[in-house]
Amino acid sequence: FVFVRTWSMNNESERGKDTGLHYDRYLREVIDFLEKDQHFREKLHNTDMEDIKQGKLAKELDFVGHHVRTKLDELKRQEVNRLRTLIKAKQDAEGGHEMNHKVLLKQFEYMNHMNPHTFEVEDLDKLIQSATNDLENYDQKRHEEFKRYEMMKEHERKEHLKNLDEEHRKDEEQHYEELRKKHADHPKINHPGSQDQLKEVWKESDGLDPNDFDPKTFFKLHDTNGDGYIDEQELEALFTKELEKMYRPNLDEDDMTEMEEERLRMREHVMNEVDTNKDRLVSLDEFLMSTNKKEFLEPDSWETLEQAPAYTDEEMKLFEEQLAQEESNLNQKTSDLQKQKEELERQQENST
């Protein structure tokens, strides 16, 4: 949904960024062609975001010009063919087995697949609803992927230790602890979105005197595309100085994947504090209002990733059990295939 809203503001910087959705290209192309229709473009600019969510914007499709509707029909047919090709390829890769019906429908839920030929109001409504829901869940999926990454890293470290003798194991453990201490030894991290953090950006990035800090001027400086909002990417850019205190790409103790997770945590935190209407954009009014809060002027200390582990001991235990089961299944499958191969070889020998 934030993607649709951003498009309605003609945010050129966003057009080159992938949303991470598997139907990203289709979504972009549909909105691109809809914006070429003057009536729809005006509605997109002026319709309240809650109304868009409720499907009121989709009904405006009936008033779009014929040439645009024709192009949308073509885009939908291309997308249906793309999905069918992908599904067929997946079935072939899995040995021709039928896909789970629910999984199959999930692939098509952002369009009316019962009508594969023309793009209708229902298609636009489904596309907006799916994009809204999927983008809202995108951050949570990234957190889950990061958790798995961290658990896999720890699992591989422990597996490596198992293959070492006692002396080398102690050396590795000592080296590991030294790296952890080095990473934790960094300057104080300002609370994201606080006065201290923004003043540091004002001084270090903007080259201005901290004593002259002005929230309204700061907002305009960092609304880099001038659309009247600070979006998620513009907000994340404000945390670069804080992240550079903790992470340097050429040092063994600093993990760049962890840096991106820290950036995401900072952005989510500030959005939760400042984005009062939950549209994933910070308006000037929202920003100025936040600068009057106690959290802005006297914030708590920021808990970094090393202070807030990504997983619990119980989650790690379950993860390792899952890995062990996957390995067992793979070994069983390998054994079964070997037996099938040997049986085929015997049959061939007998036939000759």
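Below, each value reflects all heavy atoms present in this structure, side chains not excepted, and no hydrogens, waters or symmetry copies.
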So do [Y] and [X] actually touch side chain to side chain, heavy atoms under 4.5 Å?
X    : Y    : value
N112 : F119 : no
R41  : K36  : no
Q197 : W302 : no

Sequence neighbours excluded, which residues qualify as ring pair (Phe, Tyr, Trp, His ring centres under 6.0 Å) partners of [X]?
X    : answer
F219 : F287
H222 : F218
H39  : F63
Y26  : Y110

With a 4.0 Å cut-off, would you call [X] and [Y] a salt bridge?
X    : Y    : result
R157 : E154 : yes
R265 : E268 : no
E150 : K153 : yes

With [X] via salt bridge (charged side-chain N to carboxylate O under 4.0 Å, His left out) - residues at least two apart:
X    : answer
K333 : none
E42  : none
E286 : none
E166 : R169

With clusters defined by side-chain heavy atoms of hydrophobic residues (ILVMFWY) lying less than 4.5 Å apart, directly or transitively, does [Y] cluster with [X]?
X    : Y    : value
M316 : M152 : yes
L243 : L264 : no
L238 : L208 : yes
Y229 : L288 : no

Looking at [X], I want to see if its [atom1] is surrounded by more than 12 non-hydrogen atoms of other residues, nucleotides or ligands under 6.0 Å.
X    : atom1 : result
K170 : NZ    : no
N329 : CG    : yes
K293 : NZ    : yes

When rounded to the nearest 0.5 angstrom, what distance separates CE in M289 from CG in L284?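 Rounded to the nearest 0.5 Å, the CE-CG separation comes out at 10.5 Å.
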
Given side chain to side chain donor-acceptor pair (under 3.5 Å), test T312 with E314 step by step and report yes or no. CA-CA 5 Å; T312 65; E314 181 63 25; over 6 Å; no

Could I get the full list of side chain to side chain donor-acceptor pair (under 3.5 Å) partners for K339, not counting sequence neighbours?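 Per chain and number, K339 pairs via side chain to side chain donor-acceptor pair (under 3.5 Å) with no residue.
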
If the condition is side chain to side chain contact (heavy atoms under 4.5 Å, CB included), which residues does Q174 pass it with, not counting sequence neighbours?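 With sequence neighbours excluded, Q174 shows a side chain to side chain contact (heavy atoms under 4.5 Å, CB included) to E178, given in chain and number order.
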
Residues in side chain to side chain contact (heavy atoms under 4.5 Å, CB included) with K182, at least two apart?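 Counting only residues at least two positions away or on another chain, K182 forms a side chain to side chain contact (heavy atoms under 4.5 Å, CB included) with E253.
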
Quick check: closest heavy atoms across V282 and V274, and the distance to 0.1 Å?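 Heavy atoms of V282 and V274 come nearest at CG1-CG1, 3.6 Å.
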
Could you note down all residue pairs passing ring-ring contact (aromatic ring centres under 6.0 Å, His included) where residues 162-189 supplies at least one of them, sequence neighbours left out?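 Counting only pairs at least two positions apart or across chains, the ring-ring contact (aromatic ring centres under 6.0 Å, His included) contacts touching residues 162-189 are H183-Y247.
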
